[in-house]
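Data first, discussion second: the structure below is written as structure tokens.
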Amino acid sequence: MKKTIQPFNKKILDLVKKIPKGRVTTYLEIAKKLGNPGLARAVGNSLNKNPHFLKIPCHRVIKSNGEVGGFALGTDKKLKYLRAESVIVRNGRVLDFEELLYKFN
DNA sequence: AGTAAGGCGGGCA
DNA sequence: GTGCCCGCCTTAC
């Protein structure tokens with residue numbers, strides 16, 4: 001098996017790193033940006049397996065339906081970080097996440 | 001609303 | 001090196 005697919009992860013890292021503070025994005029957006037919406041799982045998988053936590057604000061990435069989704073360190077942590085960035089979270093769901101959604105162009 | 005199946009990369013056996 | 005199972009999801013039944 002070859003090594004880590006650079007384009008895939010790199011793209012994810014690049015996109016996620018570009019998310020402004022207090023802004024969020026969805027796995028779907030990233031997946032679509034990568035060329036295939038079906039990549040959603042693979043996207044989260046990479047963020048989870050890869051120790052990019054110090055470099056990538058994974059907590060700014062949520063599910064496409066507004067739920068914060070999961071988090072390697074714990075969903076509660078994710079909520080905490082989001083709140084710390086002025087993102088209002090209610091019962092695991094981001095309020096007006098559509099407005100906070102950072103769309104890559 | 002809940003459950004099941006799906007396409008994709010990564011990690012471990 | 002190859003194969004199988006899993007996963008921070010999405011969509012359809």
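In what follows, chains carry the letters A, B, and so on, assigned in the order in which the sequence lines appear, proteins first and then strands, with residues in each chain numbered from 1. What's counted below: heavy atoms across the whole structure, side chains too, no hydrogens, waters or symmetry copies.
The shortest side-chain heavy-atom distance between I56(A) and K17(A) falls under the 4.5 Å cut-off.
Rounded to a whole Å, the CG atom of L13(A) is 16 Å from the P atom of dG9(B). Separating the CD atom of E67(A) from the P atom of dG2(B) is a distance of 11 Å, rounded to the nearest angstrom. One interatomic measurement links the two molecules: NZ of K32(A) to C1' of dC8(B), which rounds to 17 Å at whole-angstrom precision. The separation between K11(A) atom NZ and dG9(B) atom P is 15 Å, rounded to whole Å.
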Base-pair map of DNA chain B as dot-bracket, where | denotes pairing with a different strand and pairs are Watson-Crick or G-U under 3.5 Å:
.|||||.||||||

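Residue S64(A) places its side chain closer to dT10(C) than to any other of dT10(C), dG11(B), dG7(C). Checking dT11(C), dG11(B), dG9(B) against the side-chain heavy atoms of L39(A) singles out dG9(B) as nearest. Each of dT11(C), dG11(B), dG7(C) was ranked by its minimum atom distance to the side chain of A42(A); first place goes to dG7(C). Each of dG10(B), dG6(B), dT10(C) was ranked by its minimum atom distance to the side chain of R41(A); first place goes to dG6(B).
N36(A) comes within contact range of the sugar-phosphate backbone alone, with a heavy-atom separation under 4.0 Å but no base atom that close. A40(A) comes within 4.0 angstrom of the backbone, heavy atoms only, and of no base.
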Per-pair distances, 0.1 Å, donor-acceptor, side chain in residues 78-88 of chain A, under 3.5 Å, sequence neighbours excluded:
| from | atom 1 | to | atom 2 | distance (Å) |
| --- | --- | --- | --- | --- |
| K78(A) | NZ | Y27(A) | OH | 3.3 |
| K78(A) | NZ | V61(A) | O | 2.6 |
| K78(A) | NZ | V68(A) | O | 2.6 |
| K78(A) | NZ | G70(A) | O | 3.1 |
| E85(A) | OE1 | R60(A) | NE | 2.7 |
| E85(A) | OE1 | R60(A) | NH2 | 3.4 |
| E85(A) | OE2 | H59(A) | NE2 | 3.1 |
| E85(A) | OE2 | R60(A) | NE | 3.3 |
| E85(A) | OE2 | R60(A) | NH2 | 2.9 |

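Side-chain heavy atoms closer than 4.5 Å link hydrophobic residues (I, L, V, M, F, W, Y) into clusters, and following such links, possibly through other members, connects F8(A) to V16(A).
Under a cut-off of 6.0 angstrom, the local environment of NZ in K103(A) is sparse, with at most 12 non-hydrogen atoms contributed by other residues, nucleotides or ligands. Surrounding NZ of K33(A) are more than 12 heavy atoms belonging to other residues, nucleotides or ligands, all under 6.0 Å away.
In terms of heavy-atom proximity, V24(A) sits nearest to F97(A) at CG2-O, 4.1 Å.
Residue V43(A) is the one, among K63(A) and V43(A), whose nearest nucleotide of DNA chain C lies closer to the 5' end (criterion: closest heavy atom).
One can find a donor-acceptor pair under 3.5 Å joining the base of dG9(B) and the side-chain atoms of N45(A).
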